[in-house]
Amino acid sequence: MTLENEGPSTQQLQEELSGQQGNPPRIVSLLPSITEVLSSLGVADHIVGITHECDYPPEALEGATVVTISDISPYQMTQAEIHQQVTGSLVQGHSLYGLDAAKLKALQPDVIFTQSLCDVCAVSYPVVTSTCAKIFGNGPHIVSLEPNNLKDVLETFLVAGRALRCEDVSKRVVDELQSQFDFIRITVNEHLCGRKRPLVAFLEWHRPFFTGGHWIADLMEIAGCDYRMCQSGERSQAMSDEEFQAMDPDFILIGPCGFTVERAFEDTIQIMSLDKTDDNPKLQERSWWKTMRAVKNGNVFALDGNSYFARPGPRLLQGCGLIASCVHGAEVAKKLGEELAPSAGMKQVTSNLYSE
């Protein structure tokens with residue numbers, strides 16, 4: 001993980017904040033996950049600017065101004081269409097998102113939190129720095145959070161805490177998250193009782209297939225899974241149909257980036273050709289799904305990728321709990337409870353949908 005600063009240093013920012021006679025910092029968050037991280041630190045009321053994709057928690061959205069723009073409309077496009085537009089823009093060097101300079105200037109933020117890990121997820125870092133330089137000159141303070149794995153994700157809480165002078169709070173939040181991850185690990189290990197871990201696949205996109213990368217491997221390890229698609233910290237990678245067939249996992253978990261569980265379920269049904277009629281020429285498009293071990297056993301689950309897997313923030317904890325519940329069943333889900341494994345975040349794609 002890297003931390004990049006532009007404008008006043010962290011020390012200068014803290015000195016300025018401490019001399020503001022109690023005036024809170026004005027914060028702009030340029031990523032949904034950062035909005036969640038900041039809210040967990042108790043500074044939701046200080047967030048004055050957010051992105052068009054920020055949707056949680058509610059207290060961070062009240063009164064905040066949306067300062068980003070985008071031509072991507074995920075709920076009106078297929079996965080193939082989104083993939084084509086994203087790859088086309090990146091190849092041409094175009095940013096998928098932009099900043100509304102007028103709105104940003106009107107907010108007069110003290111600190112802007114952003115990232116440069118993924119141009120598909122948010123406004124690119126060069127766009128942020130160049131826009132701020134034009135508007136503000138030397139300022140505001142820009143903090144770039146770059147988590148690659150779960151350890152890095154937890155570190156972002158501490159980085160944000162230092163930048164906002166609430167380091168003690170951030171340490172307590174991280175300690176609590178770590179404690180809960182440990183509880184999931186212990187619960188799963190007791191359930192496995194020395195038995196072999198099941199082979200699990202995680203797809204964060206399935207037209208084309210993309211493996212779950214970055215922190216997904218860490219969540220899988222804690223949740224008691226044998227995960228071979230990516231190592232901890234590795235980026236998501238494209239995967240061919242043939243490679244996926246050869247893997248033939250015990251469980252298939254599907255949490256497309258940015259999609260709700262309902263959309264994930266609907267797209268999975270379509271990709272698996274389960275809703276096709278006999279006179280549809282696309283019926284056999286991926287008929288090999290029928291031969292997959294996970295499909296035969298009813299071990300395919302659609303997940304809320306938007307809330308619990310794509311965002312490197314506090315709700316990765318629930319994502320880990322959901323993985324454990326899908327793979328290890330009702331007994332583990334009951335022990336974890338709704339707080340750690342919210343049942344609304346997953347939906348089973350049952351094998352009887354392939355009935356002849």
Side-chain angles (χ1 to χ4, degrees), residues 2-71 95-119 121-146 156-170 173 311-313:
T2 61
L3 169 64
E4 304 205 22
N5 303 312
E6 296 289 340
S9 67
T10 299
Q11 182 178 355
Q12 289 173 323
L13 174 66
Q14 292 178 352
E15 291 173 353
E16 291 171 6
L17 294 178
S18 64
Q20 288 180 348
Q21 302 292 326
N23 292 332
R26 296 175 62 80
I27 303 169
V28 168
S29 169
L30 294 181
L31 200 67
S33 61
I34 296 176
T35 299
E36 296 190 29
V37 168
L38 296 175
S39 297
S40 74
L41 302 184
V43 297
D45 291 344
H46 306 334
I47 299 175
V48 296
I50 57 175
T51 77
H52 60 286
E53 293 182 329
C54 291
D55 55 13
Y56 187 87
E59 58 268 25
L61 312 181
E62 297 176 3
T65 299
V66 174
V67 297
T68 57
I69 53 178
S70 175
D71 293 330
S95 178
L96 296 169
Y97 305 92
L99 279 175
D100 189 317
K103 289 183 178 179
L104 188 61
K105 182 177 181 180
L107 292 176
Q108 290 294 304
D110 298 302
V111 57
I112 296 176
F113 285 90
T114 186
Q115 60 90 51
S116 60
L117 179 69
C118 176
D119 288 343
C121 301
V123 182
S124 68
Y125 186 73
V127 169
V128 176
T129 55
S130 62
T131 301
C132 288
K134 292 177 182 178
I135 298 173
F136 305 109
N138 186 32
H141 183 62
I142 300 176
V143 181
S144 183
L145 304 176
E146 319 297 342
T156 64
F157 290 80
L158 303 179
V159 172
R162 288 193 291 269
L164 297 173
R165 300 177 60 246
C166 57
E167 193 168 2
D168 289 344
V169 174
S170 67
V173 170
R311 301 180 180 184

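The shown structure was predicted, so the numbers you read here are calculated from the model rather than taken from an experiment.
Residues passing the side chain to side chain contact (heavy atoms under 4.5 Å, CB included) test with A101, sequence neighbours excluded: T131, I135. Taking V173 as the reference, S40, L41, F157, V169, L177 meet the side chain to side chain contact (heavy atoms under 4.5 Å, CB included) condition, with sequence neighbours excluded. Legend: residues meeting side chain to side chain contact (heavy atoms under 4.5 Å, CB included) with C54, ordered by chain and number and at least two apart, are P32, T35, I50, T51, L61. Listed by chain and residue number, H52 satisfy the side-chain hydrogen bond (donor to acceptor under 3.5 Å, both in side chains) test with T68 (two or more places apart in sequence, or in another chain). Listed by chain and number, the residues in a side-chain hydrogen bond (donor to acceptor under 3.5 Å, both in side chains) with T114 amount to none (sequence neighbours excluded). Take A44 and apply the side chain to side chain contact (heavy atoms under 4.5 Å, CB included) test, not counting sequence neighbours, and it matches S39, E59, A60.
Distance check: I27 CD1 to L164 CG gives 4.5 Å after rounding to the nearest 0.5 Å. The structure places SG of C132 at 12.5 Å from NZ of K105, a figure rounded to the nearest 0.5 Å. Note that CD of Q115 and CG of L145 are 9.0 Å apart. Values are rounded to the nearest 0.5 Å.
Applying the salt bridge (Lys or Arg N to Asp or Glu O under 4.0 Å) definition to pairs two or more places apart or across chains, those involving residues 31-52 are E36-R311, E36-R315. Sorted by first then second residue, the salt bridge (Lys or Arg N to Asp or Glu O under 4.0 Å) pairs that include residues 125-137, not counting sequence neighbours, number zero.
D100 has its side chain out of reach of V66: every pair of non-hydrogen atoms, C-beta onward, lies at least 4.5 Å apart. The side-chain heavy atoms of I112 and L104, taken from C-beta on, include a pair separated by under 4.5 Å. The closest side-chain heavy-atom distance from L158 to S170 is below 4.5 Å. Looking at V48 and T65, their side chains never come closer than 4.5 Å, going by heavy atoms from C-beta outward. Proximity of P312 to T156: side-chain heavy atoms (C-beta onward) are nowhere separated by under 4.5 Å.
A side chain to side chain contact (heavy atoms under 4.5 Å, CB included) with F113 is found for one member of I47, L38, V28, L30 and no other, namely L38.
Smallest separation of non-hydrogen atoms from V143 and A163: CG2-CB, 4.2 Å. The shortest heavy-atom contact between V37 and G313 is CG2-CA, 3.9 Å.
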